[in-house]
J.: 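I'd like to ask some things about the structure below.
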Amino acid sequence: MTDFFKFFNLTPGPLLVSQSNCQLFTDKAFKVMYHQIQTQVHPDQMAVSQRATQDAGVAQELTSAQYSQAYQCLIDPLSRVRHWLELTGMSLEGQSTQANMELFEEQMQAQEILEGLKSQGSAAAGFDEQYWQVHRTMKDKMNSALQWFVDHQTAVESVLCQSSLTNEQVELDSQTVLNHFGLLAMYSRILNQLKDIR
Amino acid sequence: MALLQIAEPGQSPNPHHKHVALGIDFGTTHSLVAARKSGVNQCLTGDQDNNSLLPSIVAYGPAEQIIVGADAKSYDKDDQWVVIHSIKRFIGRSSQEVQDYCATYPVAFTWDYSSAELPKIKIPGGAKSAIDIATDIFKTLKQRVIQHFGVDDINALEPRSFPSVITVPAYFDDAQRQATRAAALLAGLDVQRLINEPTAAALAYGLEKQSNSRFLIYDLGGGTFDVTLLEQSDNIFEVLGTAGNTLLGGDDIDQALAEHLVARYLSSNQTNQLTKNNWAQLQLSARQAKESLSKRPKTQLIEPLLADEPIKITQTELEAIFATFIQQTQQLISQVLRDTESQLDEISEMVLVGGSTRSPILQQALEKHYPIPVAHQLSPDEVVALGALRLCRKLVGEDAQAGVLLDVCPLSLGLETMGGIVEKIIPRNTPIPVTKTQEFTTFKNNQTALLLHVVQGERETVDNSRSLAKFELRGIPPLASGVPRIQVVFTIDENGVLSVSAQELSTGIQADTQIKPSQGLSPAALEEMLRSSIDHAAVDINQRQALEVTIEAQRLVQACEYALAADANLLDAAPLKTLQAAKTYLSDLIEQQAESSVLQAGIDRLSEQSETLAGLRMNKAIKSALSGQSIDQMAEKEKI
């Protein structure tokens, strides 16, 4: 599995942290870094510097599309956490979160709000204000779901790596990780559904 | 040629290069071509009128004359000639789409929808497709370039080439892009890239600016509206998001004004008698009125169709008509802001593009709604062509300073899955180039082939999306449904061209398709390819419904056989016989390819007959709260 964090010299984890000096990148700073890389590797740039590159005998190791793919994966909190968990050795394929009444109610509630917005349609008066309010609420909730992973980063990694634990313990803890991932995924999904409202 | 080289020392890396880089804006109402001349990027003017705008009007005469531009207008009223305005609205459109469009907006020419070919417009002594007509416009633009740069020396080793970047509305779908590219190729232009008009505008403005900033590009042309949010930092242009409507533009405002006037001055009886030509005439008058109202608060319109006396029109009347259009554009702005999670106060400047943004009514309305400074430095008509030229010069290696462009795909791309539902693979506003992979599986036991249907659009069902291509993956090993793993890869390159491949992972068998008319294809091959991509759009709904019913029938028969093989002993002889009869009847119907209504009746009959068995099996198997399930659901359960 390709480690996208490596493309940008980042430490795998729920946040964007530099491998060399532990500096935390904001989304904006990460984008600036990505743009700087793209000025080097973008195919359009090659048309001009082709000759120079050939002379120096430098082979392009990673393509613009690969950087773009890695950037898209890491800039989004959900796909970043998924990528990190998978790198750490957790299989998320076909897994499901445990039934949880609280989570279920939360989802029903969000669904209701979405339906309400949808039935109005985006042309309705005051739609934008309501939209942004819902958006802010859901974004905050997603961020706190992300914060759990930040707070438990070392614990999560040790749970997923350590083979010395008994099977039962691992099961138990990886289910907790999975549940929190489910929470993050839920808010991310709601935010996406929100965007699709026309 | 010699003089030109002296005028531009060091401007070209190789002075003997026989190419002229071009930026071309193919517009609904006007088209432009930009090139670098005397050390300046500029839009080239026509030899007669000294105007860089070439009206996108083509007139075809009785003696095979072809006249493009302002002169073509003068044949509007000549019955011997066919004059075509706004051909861009029809490029890359299927017969059905053209028919739908013409039902709402009358045109002064006649379409021929016969056979499976692209729809064609009847002209004296023949017929031409939208691509052919666009080609005539591109040829005229190319002629302009030749006038400015001189004709080639016949003895030259290579003929002069015209590397070009052509702009298209951001919201053009793949078929429209391909048709535009094909038209330019047929005109002998060497198409380097298609870029989105708003992005081109931003590139043109990028000349002067070096700060990190976000721009909102508001592009209202004759026939299309696009809004794009774009970020510039360190010589990188990143398109954050785009939205638009390919059927919203200045022409629509003309049409609305014409309708307004007709409603006011004509009785409904008179209105019904208006011919297509009358409507086209009214629309032209409305445009003239609109243009003069941009400068004066009141105008007079002499329109003999409506009244003998001149009609007075005021700006207030026009404002009311503009309001609905401006509102539509505002909704699209809100959508882009939502898509990109941006707030208005993050935007440093709004760039107006397209002739329709000249209107003071529009400008005032925008100023009122959005507290963003508006960029005025470049002509809204020329800015797109100039931006395209910058990119073209960069691509051929003449302009290293030009920024790198990180564009997005404007419409979601996906695959059709069971039941005509679209599974989005690349969501809209994904940066390109991009590669995305998704795994699919079969829905039937022992299924050995899979038809992949690639669609474009935001809707959830295939019916409402644009079909781009279909291809088949054959040779899947016969396995239970859900077992084969089929990996589908979508790739969009920096030109926005999509290719799709599918691979069955256990055997490695592969199939792929590229939705792309490549260079060097013959005109016939180009057309054939385009036609097939457009024709897919018109897949008959009945046909697909029939297909779905057949699939359902096959599944039911299969499930029934499975249940009978396992538990036939649960039934008494009589019901068993009825059930088997119903099953045989249905499988015979499938064999005979019966009509879908007959098939459906067979399905209903078998479902009914199988209920008893399903009930008995349920009791036998679990005796729990699984009541009400039909037999095929049971079979599904057991497979898992």
J.: Who wins among B/Gln331, B/Gln330, B/Glu341 for the most heavy-atom pairs under 4.5 Å with chain A?
T.: B/Glu341
J.: Which residues pass the salt bridge (Lys or Arg N to Asp or Glu O under 4.0 Å) test with B/Arg485, sequence neighbours left out?
T.: B/Glu439
J.: Determine whether the aromatic ring centres of residues A/Tyr67 and A/Phe7 are separated by less than 6.0 angstrom.
T.: yes
J.: Taking side chain as everything from C-beta outward and backbone as N, CA, C, O, which of these in B/Gln327 sits under 4.5 Å from a heavy atom of chain A? Side chain, backbone, both or neither.
T.: neither
J.: Taking the ring centre of each residue, are A/Phe30 and A/Tyr71 less than 6.0 Å apart?
T.: yes
J.: So which part of A/Gln38 gets closer than 4.5 Å to some heavy atom of chain B, the side chain, the backbone, both or neither?
T.: both
J.: Please identify, among B/Glu238, B/Lys436, B/Gln328, the residue contributing the most non-hydrogen atom pairs under 4.5 Å to chain A.
T.: B/Glu238
J.: Can you tell which of A/Ile37, A/Val32, A/Thr39 makes a side-chain contact (heavy atoms from CB on, under 4.5 Å) with B/Ile236?
T.: A/Thr39
